[in-house]
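Chain A is the first sequence line, chain B the second, and so forth, proteins listed ahead of strands; every chain is numbered from 1.
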Amino acid sequence: MTLNIATWNINSVRLRADLVCKLLKNEDIDLLCLQECKSPVEKFPLDVFSKIGFSHLVACGQKGYNGVAIVSKFPLLEKCAIDFAGLGHARHIAAQLENGITIHNFYVPAGGDEPDRQKNEKFDQKLNYLTEMRDYFNANEPKKSILVGDLNIAPRPEDVWDHKKMAKIVSHTEVEIDHLDAVLRAGNWVDVTRKDIPQQKLYSWWSYRAKDWSSSDRGRRLDHIWASADIALNIGSSRILREVRGWDRPSDHVPVLATIDL
DNA sequence: ATGGTAGGTCTCCTA
């Protein structure tokens, strides 16, 4: 069977429930991971998604900030929702499908503007969050697992519009890239998007503040799909839906897609 | 060097 998965930082799922439906109708998606839902679970608009065949939900929510969810055509068993770094934020949820595939959905802290742990508590929290992710996957070796989400780091030179200009900008600093790489190595994860599309510039986020996001094209690849090594060869057909950034009242992130053949 | 936009708990916090 083939399973089509997607991840999207939606920046308010209640405001953009119609855009989620548009995506799910346009694309052949079976399972969608959302971040920045900005909604308590009891106010999550599941009824809207159920009407188009997505009746299964696991979610970790909070009022106004953060929030992660997985909506699916197929039944989901909630595995865990871990409060990495003890922030009390809704930034992780994991679920298992009936075929045994586990999906981890993450919203890693953005980290503020100043890339200095001493001066900026948010940056310290971001690095701590990544360290605890590393420790978790060292202790719990991922098998038949997918890790997706807004990891808020663009690790490669080709993941940002200008590698040199971004070197001291939070999301592309060396210390963040090292911490993210430690998570990848701890779980023996494969970066699926870059396995499929290794060379070209690739972005999943463009700031709202740009006058013309498309012509200036100052993007970053913050949203990722990883696979555990045992199933990485079964996963491919990666796409990033740039055109979604041009939809009416868009999120600042666009969906990242991949296909699993089992 | 600065400021630019967007969402929600909305005159302030987060991204």
Side-chain angles (χ1 to χ4, degrees), chain A residues 7-23 33-45 48 59-69 83-92 105-117 119-130 148-155 159-162 164-173 176 179-180 203-224 240 242-256:
Chain A
T7 179
W8 192 10
N9 178 318
I10 192 62
N11 188 18
S12 176
V13 70
R14 283 179 281 168
L15 188 70
R16 288 190 244 278
D18 56 335
L19 293 193
V20 173
C21 288
K22 182 175 175 179
L23 174 76
C33 296
L34 296 167
Q35 303 87 33
E36 279 208 89
C37 296
K38 296 186 174 177
S39 172
V41 176
E42 61 270 22
K43 292 189 177 175
F44 191 93
V48 177
C60 181
Q62 69 184 83
K63 195 162 69 170
Y65 298 102
N66 311 312
V68 288
D83 181 18
F84 292 96
L87 303 176
H89 296 173
R91 296 182 177 275
H92 170 259
N105 180 14
F106 279 97
Y107 176 47
V108 171
D113 291 331
E114 174 73 49
D116 183 317
R117 301 186 87 137
K119 294 180 189 166
N120 173 10
E121 182 188 35
K122 288 194 173 68
F123 194 71
D124 188 51
Q125 289 172 346
K126 181 178 195 174
L127 298 181
N128 290 338
Y129 194 97
L130 292 159
V148 309
D150 177 3
L151 305 184
N152 263 316
I153 297 171
D159 294 334
V160 293
W161 65 281
D162 189 315
K164 284 186 179 171
K165 287 193 173 73
M166 290 286 298
K168 291 178 180 172
I169 303 296
V170 171
S171 74
H172 196 62
T173 64
E176 289 169 273
H179 276 65
L180 187 67
Y203 314 136
S204 66
W205 173 89
W206 293 260
S207 173
Y208 282 127
R209 295 172 185 172
K211 282 193 188 77
D212 182 334
W213 70 273
S214 188
S215 64
S216 59
D217 203 21
R218 296 185 171 190
R220 307 176 196 173
R221 188 175 70 104
L222 304 178
D223 302 274
H224 299 260
I240 298 187
R242 178 188 173 102
E243 67 273 17
V244 171
R245 186 63 177 76
W247 287 0
D248 189 40
R249 293 199 78 188
S251 169
D252 46 353
H253 296 252
V254 299
V256 180

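- Checking side-chain atoms of A/S204 against main-chain N and O of A/H253 turns up no donor-acceptor pair under 3.5 Å.
- Taking side-chain N and O atoms only, A/R14 has no distance below 4.0 Å to OP1 or OP2 of B/dG7.
- Within the structure, a side-chain polar atom (N or O) of A/S12 is placed less than 4.0 Å from OP1 or OP2 of B/dG8.
- Checking A/H89 against A/K38, the closest nucleotide of DNA chain B that is more toward the 5' end is the one next to A/K38.
- Other residues, nucleotides and ligands contribute more than 12 heavy atoms inside 6.0 Å of the CZ atom of A/R242.
- Separating the CG atom of A/D223 from the C1' atom of B/dA15 is a distance of 13 Å, rounded to the nearest angstrom.
- Atom OH in A/Y107 sits about 11 Å away from atom P in B/dT14, given to the nearest Å.
- We find that NZ of A/K211 is positioned 17 Å from C1' of B/dA6, with the value rounded to whole Å.
- Remark: A/R91 is in phosphate contact with B/dA15, judged by side-chain N or O atoms under 4.0 Å from OP1 or OP2.
- Between A/N66 atom CG and B/dG7 atom P there is a gap of 17 Å when expressed in whole angstrom units.
- Between the C1' atoms of B/dC10 and B/dA15, the separation comes to 15 Å (whole Å).
- Distance, A/E114 CD to B/dT14 C1': 18 Å, rounded to whole Å.
- On the C1' atoms, B/dT11 is 15 Å away from B/dG7, given to the nearest whole Å.
- Minimum atom distance to the side chain of A/Y208 is reached by B/dA6, of the listed B/dA15, B/dA6, B/dG7.
- Atom CG in A/D212 sits roughly 14 Å away from atom C1' in B/dT5 (whole-Å rounding).
- If you check every strand for non-hydrogen atoms under 4.0 Å, A/R218 touches nothing.
- Between the P atom of B/dA6 and the CD1 atom of A/I10 lies a distance of 16 Å, rounded to the nearest Å.
- With A/N105 contributing its side chain and A/A69 its backbone, the two residues share a donor-acceptor pair below 3.5 Å.
- Between the CZ atom of A/R16 and the C1' atom of B/dA6 there is a distance of 8 Å, given to the nearest Å.
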For residues 108-116 of chain A, which side-chain donor-acceptor pairs fall under 3.5 Å, sequence neighbours excluded?
| from | atom 1 | to | atom 2 | distance (Å) |
| --- | --- | --- | --- | --- |
| A/D116 | OD1 | A/Q118 | N | 2.8 |
| A/D116 | OD1 | A/K119 | N | 3.1 |

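- If you take atom C1' in B/dC12 and the same atom in B/dA1, they sit 25 Å apart, rounded to whole Å.
- Looking at which nucleotide of DNA chain B each of A/P40 and A/E36 is closest to, the 5′-most match is held by A/P40.
- Judged purely by atom type and a 3.5 angstrom limit, A/R220 has no side-chain atom pairing as donor or acceptor with the backbone of A/N152.
- In this model, the phosphate group of B/dT14 is approached by a side-chain N or O of A/K122 to a distance below 4.0 Å at OP1 or OP2.
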